[in-house]
Chemist: 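The following block contains the structure, expressed as structure tokens.
The figures here come from the full heavy-atom set of this structure, side chains too, leaving out hydrogens, waters and symmetry mates. All values reported here derive from a predicted model rather than from experimental measurement. Letters go in sequence order (proteins before strands), and every chain restarts at 1.
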Number of protein chains: 2
Amino acid sequence: MNKNNEEIITNLKSSGFDSMFIYDPYNIKYISGFYPTSFAYLVIGDEPVLYVNSIDKPEAEKQSQIKTEDIRKLSEIKDMLSGSIAVESTLDFNFLKYLTGDISSLKSSDAIVKQRMIKTNSEIENIRKSIDIASKSIKEIDFTSTEKYAAATLEFNMSINGSNYPAFDTIVASGENSASAHATPTLKRVETPIVVDFGARYDHYCCDITRTFIDSERQQEIFDIVAEAQKAAIDTVDVGVKCSDVDMAARNVIDEYGYGEYFIHSTGHSFGLDIHEEPNISYNNDNILKENMIITVEPGIYIPGEFGVRIEDDVLVSKNSEVLTSKLEKQLDFTL
Amino acid sequence: MNKNNEEIITNLKSSGFDSMFIYDPYNIKYISGFYPTSFAYLVIGDEPVLYVNSIDKPEAEKQSQIKTEDIRKLSEIKDMLSGSIAVESTLDFNFLKYLTGDISSLKSSDAIVKQRMIKTNSEIENIRKSIDIASKSIKEIDFTSTEKYAAATLEFNMSINGSNYPAFDTIVASGENSASAHATPTLKRVETPIVVDFGARYDHYCCDITRTFIDSERQQEIFDIVAEAQKAAIDTVDVGVKCSDVDMAARNVIDEYGYGEYFIHSTGHSFGLDIHEEPNISYNNDNILKENMIITVEPGIYIPGEFGVRIEDDVLVSKNSEVLTSKLEKQLDFTL
């Protein structure tokens, strides 16, 4: 164990703590050397152990200087900790309730979360403007240099086209890197396929779009399966439909073609002021879609060691659901 | 009150809550219309009330659609809430402890916070690289268009020069906008003075620099006072010195020239993986500076309706404290 981590454990024990639960990504980076791009936590007992999900696993195993394991259910967290438990001062109510049976007089309310699920007309208008900015910006993207350069160009374009700031860290993942769903842009020269996952913010309202640029028959084959899966899911979106039905519509198509094990994330999520809002479009969410929810539909196939393809559009739920990103073609021209 | 907020209150009451404490900036934006750039919270009782600090006050009063007041001490929050109190599921331990007397078996530990205060050699190296990236990037900045364009150019430069992503949202505040310490870049054509507050991240480690571009005698007069205040503060930085002594060194100079009321923030803060870490360099923090802390020293004068000037450098605390940003001249050439 490195000296820093030894000193942290010594300080913990001398303050009367037996274990600590850590969730802040910078604290995780500080202790493990790995900066998570997705849900992750770290537990300090006799030694620190990092827990990451499948999206982060390959990079975490390369970069983490401490023991790294698969993430476990929130309900199991308490059993992983022992004795007097320390938490970060920034740890949130969601986690605290899993770590302690009693948060005294407080309860969390979902009144705002619920209200934010259904978009008002002015919110929908902001999201449309955000989509316009993002759609315009990707057409001017420069793929002639590195992934990092392409991502920086796209973020610059979005900014001068009126975005407050990126909705999230722009992904440009090319060649083998595209097999990772949460790849960070590298200094590698862009090759194909190129997965570009990006979003602008207009008046702080997000959009979330992915386009994959392809140029071989094999890439086209996988692209067509993902496109068929996405179409099946989008066709399922309707007022009164279960979120899980939308997810399964995409999942079934990819399963039929034999690529089910390579579709490693949910089909989509809602967004608004936050890039991830309720409801999530996953196989185990039986909540019902309602009028004026806005969701992403973004199936993907990620073949380790080969490449990945993801196609993501934003859909306004209504009796005649509208693909808000339909003006942006599914296949765009590009030059390397 | 708008319909959205009425419905939130109805939902709260029907779930048995009497009041709610709100801290998430997007929830604040959703309810008030104002997106805070600094510490702020919102309380829902019979009506929603927004509480902001002095940095956000002018913009909040323009943009907020609900009652807006000066922020109160954390210890007073509990008295502002009544009956059964709701919180957000993301509310953190720091706040929960002010809202309830008992967080059961949990305590927060400062073991990691304390360890992160003292930078290791490899952390210092990362921060030096971050400063190199930021320093190189500002020399190529394009001021010939809008504030937004200049900020986007700077962020693009930092990205292609090797920054992961900006350490924080880049500030380019020109002309009268510079009188606001947390101005958001606008679509206004750049005029002078130009306050540029920016930072890169190398391996996720921040830097934090401000330069003010000036071109009149009046601007030079204020610039010289801020520079003198900054020099006094930097000269005070030493192992064993109180944080408050560094703050007061800058504050006293600005006071002497009669501009004390226009220096509206602390003199500096520590940074590392987070842009704000412990200790804070403020008049009421008597903690002691230790070897290998890294702090900003950033006094400023903000004259409402006229303009503002801030100069910010990063200092490594040691027996011979080192200004890490010294290679970047205090006054840089520019063209409008």
Chemist: To the closest 0.5 Å, what do you measure between CG (B:D92) and OG1 (A:T90)?
Modeler: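 Spacing of CG (B:D92) from OG1 (A:T90) equals 6.0 Å.
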Chemist: Less than 4.5 Å apart, any side-chain heavy atom of B:F93 and any of A:E88?
Modeler: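 A side-chain contact under 4.5 Å is absent here.
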Chemist: Please report the interatomic distance CZ(B:R116) to OH(A:Y30), rounded to the nearest 0.5 Å.
Modeler: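 It is 7.5 Å, given to the nearest 0.5 Å.
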Chemist: Do other residues, nucleotides or ligands put more than 12 heavy atoms under 6.0 Å from the NZ atom of A:K290?
Modeler: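 For A:K290, atom NZ is not crowded (no more than 12 foreign heavy atoms under 6.0 Å).
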Chemist: Could you name each residue pair satisfying salt bridge (Lys or Arg N to Asp or Glu O under 4.0 Å) that touches residues 156-166 of chain B, not counting sequence neighbours?
Modeler: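 Residue pairs with at least one partner in residues 156-166 of chain B: there are none.
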Chemist: Non-hydrogen atoms of chain B under 4.5 Å away: do they reach the side chain of A:T120, the backbone, both or neither?
Modeler: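 When you check distances to chain B, only side chain atoms of A:T120 fall under 4.5 Å.
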Chemist: If the contact rule is any heavy atom under 4.5 Å from chain A, which residues of residues 34-43 of chain B qualify, in numerical order?
Modeler: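 Only B:Y35 of residues 34-43 of chain B have a heavy atom under 4.5 Å from chain A.
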Chemist: With a 4.5 Å heavy-atom cut-off, do B:D203 and A:K29 have their side chains touching?
Modeler: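 They are in contact (side-chain heavy atoms under 4.5 Å apart), so the answer is yes.
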Chemist: Going by the rule side-chain hydrogen bond (donor to acceptor under 3.5 Å, both in side chains), which residues pair with A:K3 if we only count those two or more places apart in sequence or in a different chain?
Modeler: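 For A:K3 the side-chain hydrogen bond (donor to acceptor under 3.5 Å, both in side chains) partners, ignoring immediate neighbours, are A:E7.
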Chemist: Please classify the contact of A:I22 with chain B as side chain, backbone, both or neither, using a heavy-atom distance under 4.5 Å.
Modeler: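 Interface part for A:I22: side chain.
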Chemist: Report the distance from atom CG of B:N11 to atom CG of A:D110, rounding to the nearest 0.5 Å.
Modeler: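 These two atoms lie 8.0 Å from each other.
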Chemist: What is the distance from atom CD of A:E155 to atom CZ of B:F156, rounded to the nearest 0.5 Å?
Modeler: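 Reported value, rounded in 0.5 Å steps: 10.5 Å.
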Chemist: Taking the side chain as every heavy atom from C-beta outward, state whether B:I112 and A:M20 have any atom pair closer than 4.5 Å.
Modeler: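 Yes; the side chains approach each other to less than 4.5 Å.
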Chemist: When you look at CG of B:N121, are more than 12 heavy atoms from neighbouring residues, nucleotides or ligands closer to it than 6.0 Å?
Modeler: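 It does not: B:N121 CG has 12 such atoms or fewer within range.
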Chemist: Look at A:P185, A:P25, A:S145, A:A152 and state which one has the largest set of heavy-atom pairs under 4.5 Å with chain B.
Modeler: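 Heavy-atom pair counts peak at A:A152.
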Chemist: Taking heavy atoms only and a threshold strictly under 4.5 Å, list by residue number the residues of residues 159-174 of chain A that touch chain B; give 'none' if the list is empty.
Modeler: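 So the qualifying residues are A:S159, A:I160, A:S163, A:N164, A:Y165, A:D169.
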Chemist: For atom NZ of A:K114, decide whether the heavy atoms of other residues, nucleotides or ligands shown that lie under 6.0 angstrom number more than 12.
Modeler: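 No, NZ of A:K114 has 12 or fewer neighbouring heavy atoms, counting only those of other groups under 6.0 Å.
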Chemist: With a 4.5 Å cut-off on heavy-atom pairs, point out which of A:I31, A:T10, A:N4 contacts chain B the most.
Modeler: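 Of the options given, most contacts go to A:N4.
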Chemist: If I take atom OG from residue B:S109 and atom CG from residue A:L91, how far apart are they, to the nearest 0.5 angstrom?
Modeler: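 CG of A:L91 is found 12.5 Å from OG of B:S109.
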Chemist: Against chain B, label A:Y23 side chain, backbone, both or neither, depending on which of its atoms sit under 4.5 Å from a heavy atom there.
Modeler: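 Neither part, no heavy atoms under 4.5 Å.
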Chemist: If you count heavy-atom pairs under 4.5 Å between each of B:A111, B:S15, B:S89 and chain A, which one has the most?
Modeler: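 Among B:A111, B:S15, B:S89, the one with the most close pairs to chain A is B:S89.
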Chemist: Looking at A:N5, A:T153, A:V113, A:T184, which makes the most heavy-atom pairs under 4.5 Å with chain B?
Modeler: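 So the answer, after comparing A:N5, A:T153, A:V113, A:T184, is A:T153.
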